[in-house]
Structure formats: structure tokens, C-alpha cells
Amino acid sequence: MARLHIFAPHRPGRSPSQRYRLEQYLSAVEARGQAVVYAALWDEADDRSLYRHGHLLGKAWILAKGLVRRWRQVRRVGPEDTVLVHREAFMVRGHFFEKALRRRAKWFVFDMDDAIWRMDVSEANRNLRWLKDPAKTDRIIALADRVIAGNAYLADHARAINPATVVVPTVIDTRRYRAVPSNGTDRVTIGWTGSRTSTVHLVAALPMLRKVQERHGARVAFRVISDIAPPLPGLDVEHVPWNADTETRDLEPIDIGIMPMPDDEWSRGKCGFKGLQYMAMGKPVVLSHVGVNAAIVHPGVNGFLARTEADWAEALGRLVEDADLRRRMGAEARRTVEQQWSLHAWTDTFLRQLTPHNHTDQHDRPEEDPPGPRA
């Protein structure tokens with residue numbers, strides 16, 4: 001029987017990107033009778049070394065071990081199998097693994113949810129950036145039978161290289177994310193969730209958040225859900241360590257969800273997932289007016305978009321002061337996710353990309369792309 005081989009960096013349950021772009025579809029893949037082989041690269045022990053400063057000898061050993069592991073995984077792919085590579089098969093220069101997979105598999109699918117053709121290296125591995133070659137992304141795109149892009153901005157880049165590109169956004173399982181309306185009390189919690197790599201955007205918004213705190217005083221509190229506690233002096237902030245098992249429950253106390261980010265090429269490639277998480281929980285949002293956020297938020301209906309510090313202060317102020325507005329917008333936010341950005345709405349489209357067929361299949365025309373800004 002033909003199998004689906006997923007080539008991704010992390011083990012199942014470890015990476016939000018993999019969980020929401022790949023893993024939540026796997027039960028549907030298996031339900032149609034296709035076996036799944038999850039070819040993860042790093043184990044838990046590897047993670048502890050890879051994302052720490054220094055430890056160069058340990059990282060060298062992990063890379064060597066990873067090369068052997070990857071070649072073994074590649075050799076398991078048969079001529080009737082489908083391969084899905086998420087972002088890249090290996091994180092160093094060259095796309096030799098992708099070329100080998102293209103030769104072995106019947107159908108090669110490439111998935112990306114960031115502008116990964118741009119250089120982006122974690123702070124802990126800045127001194128190893130010479131090992132990276134983000135330009136290889138375009139070569140992988142060219143190899144693929146199908147490219148799955150997380151938003152229209154990414155798809156426009158990919159289609160210039162490979163017309164067989166389809167948008168499948170990063171979506172929410174609305175059976176797991178339940179609407180919990182904002183409270184009607186005087187104390188309002190402004191929430192943010194994200195990883196250590198995106199906390200820099202929250203810290204950059206600190207001057208604006210301090211002004212909100214100063215204006216509203218004890219009426220406003222902040223809740224930050226992350227694997228690290230970012231430095232946010234001057235705010236009444238509660239840090240909640242991120243946990244995959246409790247992430248929906250940890251979002252419940254939030255009354256307003258925020259997503260500040262700069263307007264640059266990397267941010268324009270983002271898929272707006274933080275905003276969608278808040279909205280699926282029935283929370284109104286204030287998001288930076290960048291990239292796909294403009295397709296997710298209908299200003300004044302399910303949230304607000306902000307470009308300037310004044311925009312942020314006005315939007316947050318309105319929501320802090322008006323509990324009824326929070327409830328109305330939260331209900332609309334939930335409805336938006338259910339109709340346009342839910343797992344249920346996109347499962348069939350995702351599954352079609354895993355089946356060998358003509359590149360110009362009518363089911364996969366660009367008209368299926370969700371609305372959103374383009375490059």
C-alpha cells in the first residue's frame with residue numbers, strides 16, 4: 001500500500017508549526033486508508049542542545065547523527081509513496097535529501113508556512129548561520145509536484161517558480177478550541193502567546209503596552225504564554241509556561257488577544273496563527289496590519305488592525321472600556337474561524353494535495369486561495 005512519508009525536523013507534538021500544518025490532518029489521512037510514516041529528525045535530547053548557546057561539539061555530533069538518520073528515512077520511501085517535506089529535509093546547505101526523495105517517491109509535496117527563502121537563525125545559533133542556505137528553498141519549490149503555501153504572499157513567491165502551488169492556511173480545530181467569551185468584570189486581561197523566537201516582537205511593543213497600563217491602571221492585566229518569560233518591566237504581567245496539553249485552557253482567561261509584529265518580509269510571510277487561536281476561543285483581537293492579518297480581521301467587526309502606536313492605544317482602549325463590544329466582537333471572531341479558517345473547512349483541500357494528479361486539476365485553481373494581501 002502506498003504510504004505518506006512526512007519529513008519534518010521535530011518529533012510529533014513538539015512544534016506548533018508541525019502540529020497545526022500537518023499533525024492535525026493525520027487522522028483524516030489514515031481514515032482514507034493511507035499509512036503515515038512520520039520521519040522526524042531530532043529527539044528530545046537533541047532539542048536541549050540545539051537551542052542552547054555554545055555546545056558546538058554536541059551540535060556537530062547531532063548534525064552527524066541527523067545525516068545518518070535522514071538517509072535511513074529516505075531509503076524507506078518506495079516508488080508508490082507520497083512524500084511531504086515541511087520547510088526543509090535538513091537544515092544545512094544543499095537540497096540533496098529533497099533530490100533523493102524526488103527520485104524515489106511517486107509524488108513530492110513541499111509545505112512552507114514562513115518566508116523561509118530569507119535568512120532566519122535563532123539567537124543561540126547565530127555563529128552557525130554559515131551552515132544555512134535559505135536560497136535552496138526556491139530549488140526545493142522547483143522540484144515539487146505540489147507546493148502548499150500557508151498564505152497568498154508565500155504562494156505568490158512559490159508560483160513564480162512552480163505554478164503547481166496551492167494555499168492551505170494554518171487552521172484551527174474548532175472542536176478542540178472552544179469559545180469562552182470575555183468576562184464582563186472590570187479587570188480586563190490582554191493576552192499574548194508565542195515562542196521565544198517571537199517574544200522579540202512583544203518586547204518591541206513594550207512602550208505602547210506601558211502606555212495602555214498607565215492609562216487604565218489596575219483595570220488592565222497582561223497574560224503571556226510562552227516557553228520563556230520575556231522582560232516586560234512596567235506591566236502587571238503573569239507569565240504562563242507554554243504547554244501543548246493546556247494551551248487552550250491557558251488562553252481562556254484572556255479577554256483581548258494581541259499580535260504585534262513589524263512590517264517586513266518575514267512577518268508578511270506569517271500565517272496569522274496567534275490571532276486565529278484567540279479568535280477561535282471567542283476573543284476579540286488587535287493585530288498588526290501586516291500580511292494575512294488583513295484577511296483575517298474585519299476591523300470593527302471581529303477585532304481591530306493597528307499600524308501605529310496611536311492605533312494600538314485606541315483599539316485596546318475601546319475594548320478595555322466596553323465589555324459588550326468585547327462580547328460582540330468575540331462572537332464574530334469565533335464565527336470567522338469556523339467559516340474560513342477551521343480544520344473542517346480545509347481538510348478536503350489538504351488531502352487532495354497528497355494525491356498524484358494533473359497540476360492543472362480544477363479543484364486546485366488559485367481561486368481556492370483564501371482572501372488576503374499579495375506581494
Side-chain angles (χ1 to χ4, degrees), residues 16-17 20-21 87 112-121 134 137 149-160 167-172 190-209 211-212 222 224-226 230 232 254 256-280 283-319 329 332-333 336-337 340-341 369-375:
S17 176
Y20 288 97
R21 290 200 62 76
R87 298 172 69 100
M112 62 178 183
D113 61 342
D114 275 319
I116 54 175
W117 61 88
R118 305 286 296 178
M119 179 67 78
D120 185 67
V121 182
T137 299
N151 61 46
Y153 178 79
L154 301 175
D156 281 347
H157 178 91
R159 283 197 186 108
V167 170
V168 178
T170 306
V171 296
I172 298 285
I190 298 172
W192 180 91
T193 185
S195 67
R196 68 181 62 209
T197 56
S198 56
T199 55
V200 62
H201 301 153
L202 183 64
V203 173
L206 182 58
M208 176 272 295
L209 298 175
K211 290 181 180 179
V212 172
F222 294 86
V224 172
I225 304 166
S226 179
L232 297 169
I254 291 173
I256 305 165
I258 62 171
M259 185 180 176
M261 58 198 300
D263 188 359
D264 57 26
E265 188 170 8
W266 186 260
S267 294
R268 289 192 289 274
K270 288 292 183 181
C271 295
F273 187 65
K274 289 182 182 64
L276 293 171
Q277 285 182 290
Y278 309 136
M279 294 168 70
K283 315 296 184 181
V285 296
V286 184
L287 311 183
S288 287
H289 198 303
V290 178
V292 76
N293 290 352
I296 295 171
V297 172
H298 305 288
V301 177
N302 58 12
F304 293 105
L305 295 169
R307 294 186 189 273
T308 66
E309 190 172 289
D311 293 341
W312 277 96
E314 180 183 1
L316 288 172
R318 287 183 62 183
L319 288 168
M329 282 192 169
E332 287 298 326
T336 298
V337 173
Q340 299 180 38
W341 307 90
D369 291 359
R374 297 185 178 273

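Predicted model only: the values in this text are computed from it and were never measured.
Considering only heavy atoms from C-beta on, Leu232 comes within 4.5 Å of Leu202 through its side chain. Looking only at side-chain heavy atoms (C-beta outward), Val292 and Lys270 stay at 4.5 Å or farther from each other. Looking at Met259 and Val285, their side chains never come closer than 4.5 Å, going by heavy atoms from C-beta outward. Taking the side chain as every heavy atom from C-beta outward, Arg318 and Phe304 approach each other to under 4.5 Å. Between Ile225 and Trp192 the shortest side-chain heavy-atom distance does not fall below 4.5 Å. You'll find the side chain of Arg268 reaches within 4.5 Å of the side chain of Val290, heavy atoms only. Contact annotation: the side chain of Pro169 never approaches that of Phe273 to less than 4.5 Å [non-hydrogen atoms, C-beta and beyond].
Distance alone, capped at 3.5 Å, places no donor-acceptor pair between the Lys274 side chain and the Ile258 backbone. No side-chain donor-acceptor contact under 3.5 Å links Ser226 to the backbone of Thr193. For the pair Asn151 (side chain) and Tyr153 (backbone), a donor-acceptor distance under 3.5 Å is present. In this structure, the side chain of Ser267 engages the main chain of Pro262 through a donor-acceptor pair within 3.5 Å.
Rounded to the nearest 0.5 Å, atoms CG (Asp263) and NE2 (His289) are 9.5 Å apart. To the nearest 0.5 angstrom, Glu332 atom CD is 9.0 Å from His298 atom NE2. The structure places CH2 of Trp312 at 4.5 Å from OG of Ser288, a figure rounded to the nearest 0.5 Å. For the atom pair CG of Asn302 and CD1 of Ile296, the computed distance is 9.5 Å after rounding to the nearest 0.5 Å. A distance of 13.5 Å separates NZ of Lys283 from CD1 of Ile190, quoted to the nearest 0.5 Å. How far NE2 of His157 is from CD1 of Ile116: 9.0 Å, rounded to the nearest 0.5 Å.
The environment of CD in Glu314 is sparse: at most 12 heavy-atom neighbours from other residues, nucleotides or ligands sit within 6.0 Å.
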- Could you give me the CA-CA distance, side-chain angles and deciding distance for Val171 and Leu276, then say whether side chain to side chain contact (heavy atoms under 4.5 Å, CB included) is met? CA-CA 8 Å; Val171 296; Leu276 293 171; over 6 Å; no

- Could you go step by step and tell me if Arg87 and Asp113 meet the salt bridge (Lys or Arg N to Asp or Glu O under 4.0 Å) rule? CA-CA 8 Å; Arg87 298 172 69 100; Asp113 61 342; 2.8 Å; yes

- Task: Apply the test side chain to side chain contact (heavy atoms under 4.5 Å, CB included) to residues Thr336 and Trp341: give CA-CA distance (whole Å), side-chain angles for both, the deciding distance (0.1 Å), then the verdict.
- Result: CA-CA 7 Å; Thr336 298; Trp341 307 90; 3.9 Å; yes

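Of all heavy-atom pairs spanning Pro284 and Met329, the tightest one is CB-CB, 3.7 Å. Taking each heavy atom of Pro299 and Val297 in turn, the nearest pair found is CD-O, 3.4 Å. Between Met112 and Ala158, the shortest heavy-atom distance links the atoms CE-CB, 3.8 Å. Closest approach of Ala204 and Pro207 over heavy atoms only: O-CD, 3.5 Å. Among all heavy-atom pairs drawn from Ala280 and Val337, the shortest one is N-CG2, 3.8 Å. Counting all heavy atoms, side chain and backbone alike, Ala115 lies closest to Leu154 at N-CD2, 3.7 Å.
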